[in-house]
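Before any comments, here is the structure.
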Amino acid sequence: MARKQQVKLPQQQQNVQEPIWQSKVKSDLKVALCFMLPSLVGVIIFIFIPFIDVIRRSFFGAMSGEFVGLKNYMSIFQNDAFKLAGMNTLKFTFICIPLLVIVSLGLALLINTLEKKAQLFKMTFLLPMAIPVASVVLLWQILFHQNGLLSSGIIALGGQRVDWMKTDWAFWILVASYLWRNIGYDMVLWLAGLSTISPAIYEAAKVDGASSWQQFTKITIPQLLPTLFTIVVLSLLNSFKVFREAYLIAGDYPHDSMYMLQHLFNNWFVSLDIDKLSAAATIVAGVILILILLLQRTWEGDED
């Protein structure tokens, strides 16, 4: 019987090479990680780890170091100062942020229609951001002090001298200061969002007979939703920075209408009430995180 000769065909080795675009992505990712690593390490060391320690301290006594469970949380909810500061902070946030978003959007739409004078308007509204806090406090004292310009004007008209920062007007002065310092910043963000909308869309809408209001509601607002999310989040975070002005002009214990959580935290820190401070800080951080997640989910739902 003839043997069947098995012919072995040479196996062709296929060199599977990685696509060029994939290798470039990996290279860019490595470079990006190298640039991000120092900041990431800094955030972990100086923000993340300390905040984890704050959460841990909220369940322990400040002096004894013993585990007390939810006792610190229960005590702050029974604290009148925390209730006052919390209500004032919520009131300030829910008044200022809608006003800031609406006014800054209106200014951005107005400036977007201007051509030659647009730069002048931008500089005018961005100028408050460049003013140091100490100068803002000096301006407050000149205007709203008992012997300031407003009181002098009231006396000239036959009225009585008023110390505005020790009345209910103090809250609204704080609101006006926040809006004045942040409108320019949000306006620039709106302008950046408006610049991404193609003029061809508006021209097509005009051809179809859409009115200005229809163009605003059907084109401008939907296209600006991502910008709106960014502005709301940044405005929420910036609302906690008004403490500097209020603290410098009114001290540790300002008028009840402008006594914010920042004042309360500062006073607890000075008195070394670390347990209550840690519990309150954890609650505030949780509330802010929940608000941001709800906003993000709302915006994602609108985009879908």
Counting only heavy atoms not in [X] (residues, nucleotides, ligands), do more than 12 fall under 6.0 Å from its [atom1]?
X	atom1	answer
Phe35	CZ	no
Phe48	CZ	no
Phe269	CZ	no

State, yes or no, whether a side-chain contact exists between [X] and [Y] at a heavy-atom distance under 4.5 Å.
X	Y	value
Leu261	Phe82	yes
Pro254	Met165	no
Ile155	Arg161	yes
Leu228	Leu225	yes
Leu33	Lys30	no
Val68	Phe60	no
Tyr185	Leu189	yes
Trp180	Ile131	yes

For [X] versus [Y], what's the shortest heavy-atom pair and its separation?
X	Y	answer
Gln215	Ala205	CG-CB, 4.1 Å
Thr227	Gly193	OG1-CA, 3.7 Å
Tyr178	Ser235	OH-O, 2.7 Å
Ala279	Tyr73	O-CE2, 3.6 Å
Trp268	Ile76	CH2-CG2, 3.9 Å
Thr167	His255	O-ND1, 3.4 Å

Donor-acceptor pair, side chain of [X] and main chain of [Y], under 3.5 angstrom:
X	Y	answer
Asp208	Ala210	no
Ser278	Ile274	yes
Gln78	Ser75	no

[X] side, atom [atom1]; [Y] side, atom [atom2] - distance, nearest 0.5 Å:
X	Y	atom1	atom2	answer
Met260	His263	CE	NE2	8.0 Å
Gln223	Ser198	CD	OG	9.5 Å
Leu143	Ile173	CG	CD1	9.0 Å
Thr113	Leu110	OG1	CG	5.0 Å
Ser239	Leu237	OG	CG	7.5 Å
Ile231	Asn182	CD1	CG	11.5 Å

side-chain contact (heavy atoms from CB on, under 4.5 Å) between Leu224 and Thr196, worked out: CA-CA 9 Å; Leu224 290 178; Thr196 62; 5.6 Å; no
Tyr259 vs Asn267, test: side-chain hydrogen bond (donor to acceptor under 3.5 Å, both in side chains). Steps then yes/no. CA-CA 11 Å; Tyr259 188 74; Asn267 296 333; 3.1 Å; yes
Kindly confirm or rule out a cation-pi arrangement of Lys91 over Phe171, judged by NZ or CZ under 6.0 Å from the six-membered ring centre and within 45° of its axis?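 Yes - Lys91 lies over the ring of Phe171, closer than 6.0 Å to its centre and within 45° of its axis.
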Chi angles and distances behind the side-chain hydrogen bond (donor to acceptor under 3.5 Å, both in side chains) call for Asp275, Ser58: CA-CA 5 Å; Asp275 47 358; Ser58 67; over 6 Å; no
On the 0 to 90° scale, with breaks at 30° and 60°, tag the Trp164-Trp169 ring pair as parallel, tilted or perpendicular. perpendicular
Determine the interplanar angle of the Phe67 and Phe59 rings, folded into 0 to 90°, and report it as parallel if under 30°, tilted if 30 to 60°, perpendicular if over 60°. parallel
Cluster overlap [X] with [Y], hydrophobic side-chain contacts below 4.5 Å:
X	Y	answer
Leu90	Val287	no
Tyr202	Trp213	yes
Val43	Met36	no
Phe265	Tyr253	yes
Leu289	Ile52	no

In sequence, state the C-alpha distance, the side-chain angles, and the governing distance for Val162 and Gln146, and then conclude on side-chain contact (heavy atoms from CB on, under 4.5 Å). CA-CA 5 Å; Val162 179; Gln146 187 174 359; over 6 Å; no
Report the residues that fulfil side-chain contact (heavy atoms from CB on, under 4.5 Å) with Asp256, sequence neighbours left out, ordered by chain and then residue number.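 Listed in chain order: Leu84.
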Donor-acceptor pairs under 3.5 angstrom involving side-chain atoms of residues 93-109: please list them, not counting sequence neighbours.
{"from": "Thr93", "atom 1": "OG1", "to": "Thr89", "atom 2": "O", "distance (Å)": "2.9"}
{"from": "Ser104", "atom 1": "OG", "to": "Leu100", "atom 2": "O", "distance (Å)": "2.6"}
{"from": "Ser104", "atom 1": "OG", "to": "Val101", "atom 2": "O", "distance (Å)": "3.2"}
{"from": "Ser104", "atom 1": "OG", "to": "Trp190", "atom 2": "NE1", "distance (Å)": "2.9"}

Pairs in or reaching into residues 50-70: which pass salt bridge (charged side-chain N to carboxylate O under 4.0 Å, His left out), with residues at least two apart or in two chains?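 Found Asp53-Arg56, Asp53-Arg57.
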